[in-house]
Structure formats: structure tokens, C-alpha cells
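In what follows, a structure is listed as C-alpha cells, so that the remarks can point back to it.
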Amino acid sequence: MRWSKAFIPTKKEVPKETESVSHRLLLRAGLIKPLAAGIYTYLPLGWRVLKKIREIITKEMDRIGAQELLMPALTPSSIWKETGRWEEYGDEMFRLSDRKNSEMALAPTHEEIITTVIRDEIRSYRSLPQVWYQIQIKYRDEIRPRGAVLRARTFIMKDSYSFDRDRKGLDKSFSLHEEAYRRIFSLCGLTTTEVTAPIDIMGGSESKEFMIDSPSGEDRITVCPNCGLASNIEAISTLPSKANFKDGELEKIHTPVPGSVNEISRFLGLPPTQLMKSLLYMKDDKPIWIVIRGDYEINEEKLKREFEEIRIASEEEVKKLVGASIGYVSPIGSNYPVYADLSIKGIKGLVSGANEDDYHLKGINPERDMDIKDFVDIRIPEKGDLCPECHTELSWRNVIELGHIFKLGTKYSSSLGAFYLDENGKEKPIVMGSYGIGLERIMAAAIEQSHDERGIIWPKEITPYHLLILNLNASDSKGVALAEDLYRLLGKDYEVLYDDRKVRAGYKFNDADLIGIPLQIIIGSKGLEKGIIEIKNRKTGEAEEVPQKIAKEVVNRLWENL
RNA sequence: CGGGGCGUAGCGCAGCCGGGUUAGCGCGCCUGGUUCGGGACCAGGAGGUCGGCGGUUCGAAUCCGCCCGCCCCGACCA
């Protein structure tokens with residue numbers, strides 16, 4: 001491709017508030033163009049990258065015996081109502097109606113649709129297993145799109161679905177996908193971390209995410225430096241960091257400051273860890289106590305999972321039921337049931353409210369002083385927490401989720417009636433798995449992982465072009481002749497972008513570094529006289545001076561070694 | 001949904017507080033010339049419903065109200 005004819009709208013400036021590296025570089029290098037919040041056009045250069053990623057994925061999916069198909073993005077509401085996700089998905093589903101006023105949705109995912117395909121067509125154990133996949137645009141009305149394509153409202157997803165006779169079959173399909181995903185990300189030039197993941201709206205049992213480190217990532221994972229246990233923080237029950245205080249007698253102390261953990265801890269000169277937060281909740285309209293160590297916060301989701309219908313008591317309720325203000329209360333001397341977070345277990349010498357305004361109790365020994373009904377895990381993990389397996393302090397990383405694989409089980413096959421007949425003529429629900437990869441996220445992650453202050457440095461596997469020929473002086477006829485020759489010669493084996501524009505050298509160098517083609521072939525008048533060209537490695541910045549005649553051999557060698 | 005920022009030429013921004021000629025600047029674009037190995041320079045030129053609607057006023061980019069859109073943080077969610 002000649003740059004003079006190509007549409008590559010590079011930019012010197014992008015809005016200053018675009019934060020993430022990939023967001024800025026995707027815009028500056030002319031890979032994407034925003035249409036609306038979270039909706040992007042993929043410009044020619046960006047689309048070339050996505051097509052490369054698509055090819056890699058297709059090849060690896062085919063390798064594990066998956067078959068490609070394509071389902072419609074426009075779907076009737078009836079099918080979502082059968083599984084309950086018409087309601088469950090909420091505002092995140094784009095909804096519309098057709099001319100007859102039938103409700104429709106733009107599919108955010110395709111479990112329902114694919115399950116109807118198999119339920120109508122496959123009735124025998126002899127036809128299983130099956131693995132089907134598609135690469136297609138998904139529609140999700142995200143609460144807050146961000147980081148350009150990192151969380152978009154329309155995005156390209158490879159989604160595959162496995163159909164097996166039993167759990168054992170599912171395990172096989174799942175591990176085939178694990179293998180395929182490992183190969184895909186590695187073939188895209190990326191280093192991923194595999195973590196256990198939460199289950200949430202997809203349903204099912206086991207799930208695993210493929211993550212890549214990035215400060216722009218929205219997800220956080222913990223990795224144990226000792227035993228290697230890796231998990232999304234939403235899917236792990238960590239152990240609280242260690243705390244040990246001197247046991248003592250209960251004693252009332254005057255604390256004439258606001259009753260927040262920070263204020264009390266500063267006033268008493270004690271670490272927040274030594275405080276016990278006492279919170280009054282209403283479960284089924286009856287008060288219960290929840291206590292947690294002062295340096296932790298409650299995870300409302302976990303709380304709901306543990307107690308179902310529960311809400312925090314209002315200020316007035318606390319005053320009425322306990323006789324003191326929020327911040328000065330505790331279960332000690334109160335008869336309501338007490339549930340303690342695991343962070344409270346085994347520690348003594350704590351401080352909490354005295355159930356009297358402006359007073360606290362010190363020397364609290366929870367297991368001595370309170371009638372604890374149960375210990376529960378309801379806190380948000382914090383840095384410093386320990387590995388539940390080997391008790392080592394976990395390390396925390398910010399990551400981008402690139403892929404997610406689920407063992408769904410029979411949730412969708414049962415509710416949609418996808419059954420098969422086994423060897424004994426007995427009807428059984430098909431056991432399913434579902435597996436997804438975000439293509440744009442791979443593109444963005446590659447940029448996040450590989451760039452410098454001058455621009456993108458593409459991994460060779462997904463670079464939009466292999467080689468960039470820079471003819472520095474487009475009006476020097478000797479240089480043009482040489483560039484044209486090389487363009488033809490190298491074009492036989494490589495995808496070549498040829499910068500033939502009549503602009504100054506500096507301009508070309510800057511654009512070249514910005515769009516990040518891994519090898520730059522530089523033709524300038526200086527070298528022409530000596531019969532040499534330069535071949536520069538974008539990543540290392542090293543330039544090799546090469547006699548024109550052996551240019552191709554050197555390119556071959558450098559390309560191999562990239 | 002809460003908090004913050006923003007919306008003025010294709011892109012990036014100033015002007016707005018204290019309303020008043022023809023709304024500026026940089027980049028980009030067009031024409032001509034000089035330059036030519038890391039985003040050149042000179043001269044000339046094209047390009048604007050100042051996000052929208054309404055109000056105040058002799059007069060609104062500027063003040064007031066409502067709405068729309070974009071970015072960032074959080075909540076939320078995959």
C-alpha cells in the first residue's frame with residue numbers, strides 16, 4: 001500500500017482528558033474513530049489489526065474442532081423471556097421494537113439463541129459433543145463505556161459454545177478451550193495470567209479469565225507469590241492481614257470526636273486495624289449486628305449472598321434500637337444477633353462503641369464479650385490480605401480481561417428444553433459451556449503492553465503491515481526508483497506499507513514511530529550515494545546499514561528474529 | 001445513578017468571570033515560492049447555526065433556565 005493513497009489519519013493531538021495509553025494511541029495512529037460514547041468505527045489500519053486477530057482465533061478454534069457459524073444480532077424478546085434474562089439483563093440490553101410492536105433485543109451474548117439451534121436439531125447422544133463459534137458484533141448498553149475500546153457498547157466478540165453429554169465431556173471441552181485460548185493470546189504476542197473468576201449473570205459452576213497486566217485495566221486480580229493461586233478479587237475469599245493486640249479488661253473511654261474510624265483512630269492514636277466497626281442491619285425487619293475490622297469495608301454483594309434480604313439501619317433506627325448514635329455503638333450489652341466478619345476472628349484488645357454518645361469501649365475480646373452467631377466472609381479484600389491456601393501475602397495487579405471461559409452446565413439447556421437421548425433412550429439435558437474473547441481488547445492490550453513515548457510497537461503477529469518503506473526524499477528520482485524496486489520485491493513475501501508522500505523526513509519518521517510497524521526500511525540521499533539503505537527495528541531503535549543488494553536477505557533475518 | 005470537567009472551523013485550544021466593531025490562536029487543508037535525515041519557513045486563501053431550545057437585554061459565545069452530547073472518577077456490571 002502506498003501511503004499517499006492510504007487513509008491513515010494520524011494526529012498530533014487528541015483530547016487531553018483521554019487517559020489510557022491505548023485510547024490515545026488508537027486515536028492518534030488513526031486506527032479508530034469515535035461515533036458516540038463507546039461506539040467506534042475501525043479505520044483501515046485498525047481493521048487490518050482486527051482481521052489478523054480474527055485469523056489467529058479462527059485458526060485456533062478450528063484446530064480444536066470447533067465449527068464457525070453466524071447468528072443474528074437482532075433477536076426476539078420471547079427467547080430471553082424463556083431463560084429469565086429479559087428481566088435479569090436489565091438496562092444493559094439494547095431493546096427496540098419492530099413495526100408490529102414486537103419487542104426485540106440486540107444480543108449482548110448468544111447462549112439463548114444457540115441453545116435453540118441445538119435443541120431443535122440434535123436429539124441423539126451420537127451427535128455430541130459439538131463446539132460452535134462465531135465472530136460477531138455484540139451490543140451492550142454499558143453503564144459507563146470507558147478507555148475507548150476497552151469497554152465499548154458495540155464490540156467484536158468471538159463466542160463459542162460447547163455441548164456435551166455429561167460433566168466429563170464438558171471438562172474436556174473446557175480444557176480444549178483453555179488450550180486454544182493460551183495459544184491465541186500467545187500467538188497475538190501477549191502474556192496473560194489465568195485467574196479464577198466470578199460466576200454472576202452467566203450462571204454455571206466454574207469459570208476462568210485470561211488477563212493481561214495494564215494500569216488501564218478495570219479488573220483487579222490477586223496472585224500468590226508463593227503457591228501461584230491467581231484470582232479475580234471478586235472471586236476470592238482472602239484471609240485478613242495479621243493483627244495482634246494485647247488482651248485486656250473492658251474499659252469505657254471518653255471519645256469526644258466524630259465517630260468515624262479515621263477520627264477515632266487518630267484521637268486514640270491506634271491503628272484502624274484495632275477498631276471494630278459495628279454496624280446495625282435490618283434483616284426481615286429485625287435488627288442484627290455485623291462487625292468487621294476497622295481497616296476493612298463490607299462488600300454489599302457478599303452480604304446479600306449471605307443474608308439475602310438485608311439493609312443497613314437508618315440513623316433514627318440505630319438511635320431508637322440501641323440508644324446511641326452511629327459511630328458509638330457496638331453489640332456489647334445488646335441482645336440482637338451478632339455476625340462477625342472473618343477479620344474479627346481470633347483477635348483481642350479491640351475498640352468499638354460503648355452505646356453511649358462520645359464514649360467507646362477498649363479491651364474488647366470479641367469471642368469473650370459477644371455472643372457471635374457465626375463468622376462470615378463479607379468484606380472487600382484489601383492489599384495486605386493473605387492467600388487462603390498458603391497464608392502468604394498476595395500481590396495485587398490491575399488487568400484487562402481478554403477472555404472468559406465458563407462451565408455453564410444445564411442452566412440454558414434445561415430452561416430452553418435442549419435435551420438428548422442417551423444410549424438407554426433416556427432424555428437428558430445437554431451440558432453446556434460458553435467461551436468469549438474480545439477482539440478489540442486484544443488490540444488495545446497489545447498497545448498497552450507494547451508502546452513507548454513515540455507510539456505503538458506492534459507485535460509482529462498482529463501488526464497492520466509487516467514492513468514500512470520510508471523514502472525520505474520523494475523527489476529524488478534515484479531514491480524513488482530504489483523504493484519502488486524494494487516495494488515490489490518485498491511485497492512478494494511481506495505486507496508492505498510504502499511512505500511515498502511528498503513530506504519532510506521528520507514528518508515521516510514521526511508517523512512511522514507512531515503507527516508502530518515493526519521494521520522500517522529507510523531510503524535517504526546520504527545512503528543512496530554509498531549504495532546502502534537502513535533497516536530499523538522499531539522496538540529497539542537499532543538501525544542496520546545494509547547494502548541495497550542484500551536488503552531482502554537482511555529483512556528476512558530481522559523478521560525471523562523479531 | 002452520584003461527583004468532577006468539558007462542548008467555539010477537520011483536530012487541539014483561548015475568549016465567557018466584569019455582555020458592545022468584522023469571534024481569535026496553533027495544527028491541518030488549498031495556491032505559489034524557498035527548504036528537505038526526526039512533525040520547516042514566507043506570502044496569499046478557503047473554512048464557524050460559538051452543542052440545541054427558550055429567556056433577560058437596545059445588544060448574548062459571554063448572564064439565567066431547560067435539554068442534548070462527550071471525557072474522567074465512583075457506584076454498578078461482564
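Note that the coordinates shown come from a computational prediction; the quantities given were computed from them, not determined experimentally. Residue numbers begin at 1 in each chain, while the letters A, B, ... track the order of the sequences.
- Residue A:G147 is classed as a sugar-phosphate contact, given heavy-atom separations below 4.0 Å to backbone atoms only.
- Nearest to the side chain of A:E13, among B:G26, B:C70, B:G37, sits B:G26.
- In this structure, A:Y133 has its ring center at least 6.0 angstrom away from the ring center of A:Y161.
- Evaluation of atom-type donor-acceptor distances gives a pair under 3.5 Å for the side chain of A:D513 against the base of B:G38.
- Residue whose closest nucleotide on RNA chain B sits further toward the 5' end, between A:S525 and A:A148: A:S525.
- The residue A:E534 sits close to a base: some heavy atom pair falls under 4.0 Å.
- Rounded to a whole Å, the CG atom of A:L514 is 15 Å from the P atom of B:G28.
- Taking side-chain N and O atoms only, A:R146 has a distance below 4.0 Å to OP1 or OP2 of B:G74.
- Using a 4.0 Å heavy-atom criterion, one finds that A:A197 contacts no nucleic acid atom at all.
- A:D476 places its CG atom 16 Å from the P atom of B:U35, with the value rounded to the nearest Å.
- Residue ring and nucleobase are stacked for A:F509 and B:G38, with a centre distance beneath 5.5 angstrom and an angle between planes beneath 30°.
- Rounded to an integer number of Å, the gap from CG of A:D499 to P of B:G39 is 15 Å.
- Of the C1' atoms belonging to B:G19 and B:G2, the separation is 34 Å, rounded to the nearest Å.
- Between B:C72 and A:H23, a contact under 4.0 Å exists linking OP1 or OP2 to a side-chain N or O.
- A close approach under 4.0 Å does not occur between any side-chain nitrogen or oxygen of A:R140 and OP1 or OP2 of B:C77.
- In this structure, A:E382 and A:D295 have side chains that are not in contact, with every pair of non-hydrogen atoms separated by 4.5 Å or more.
- Residue A:R504 has a polar side-chain atom (N or O) positioned under 4.0 Å from OP1 or OP2 of B:A40.
- One can find a donor-acceptor pair under 3.5 Å joining the base of B:G38 and the side-chain atoms of A:K536.
- A:L472 has its CG atom 14 Å from the P atom of B:C36, to the nearest Å.
- Atom NZ of A:K81 sits in a crowded spot, with more than 12 heavy atoms from other residues, nucleotides or ligands closer than 6.0 Å.
- Salt-bridge check for A:K478 with A:D476: failed, with every basic side-chain N at 4.0 Å or more from each acidic carboxylate O.
- A:R151 places its CZ atom 19 Å from the C1' atom of B:C70, with the value rounded to the nearest Å.
- Minimum atom distance to the side chain of A:E92 is reached by B:C77, of the listed B:C77, B:C70, B:G74.
- When distances run from any side-chain atom of A:K12 to the nucleotides B:C77, B:G39, B:G74, the shortest one goes to B:G39.
- Using a 4.0 Å heavy-atom criterion, one finds that A:N510 contacts the bases of the nucleic acid, with or without backbone contacts as well.
- Classification of the A:F210-A:Y181 ring pair by plane angle, with boundaries at 30° and 60°, yields tilted.
- Here B:C30 presents its P atom at 13 Å from NZ of A:K502, a figure rounded to the nearest Å.
- Rounded to an integer number of Å, the gap from CD1 of A:I143 to P of B:G3 is 16 Å.
- Considering only side-chain atoms of A:K11, the nucleotide from B:C71, B:C11, B:C77 that sits closest is B:C11.
- Nucleic acid contact for A:G527: base, since at least one base atom lies under 4.0 Å from a heavy atom of the residue.
- With rounding to whole Å, A:R220 atom CZ is found 16 Å from B:C77 atom P.
- Taking for each of A:K33 and A:M211 the nucleotide of RNA chain B with the nearest heavy atom, the 5'-most of the two is the partner of A:K33.
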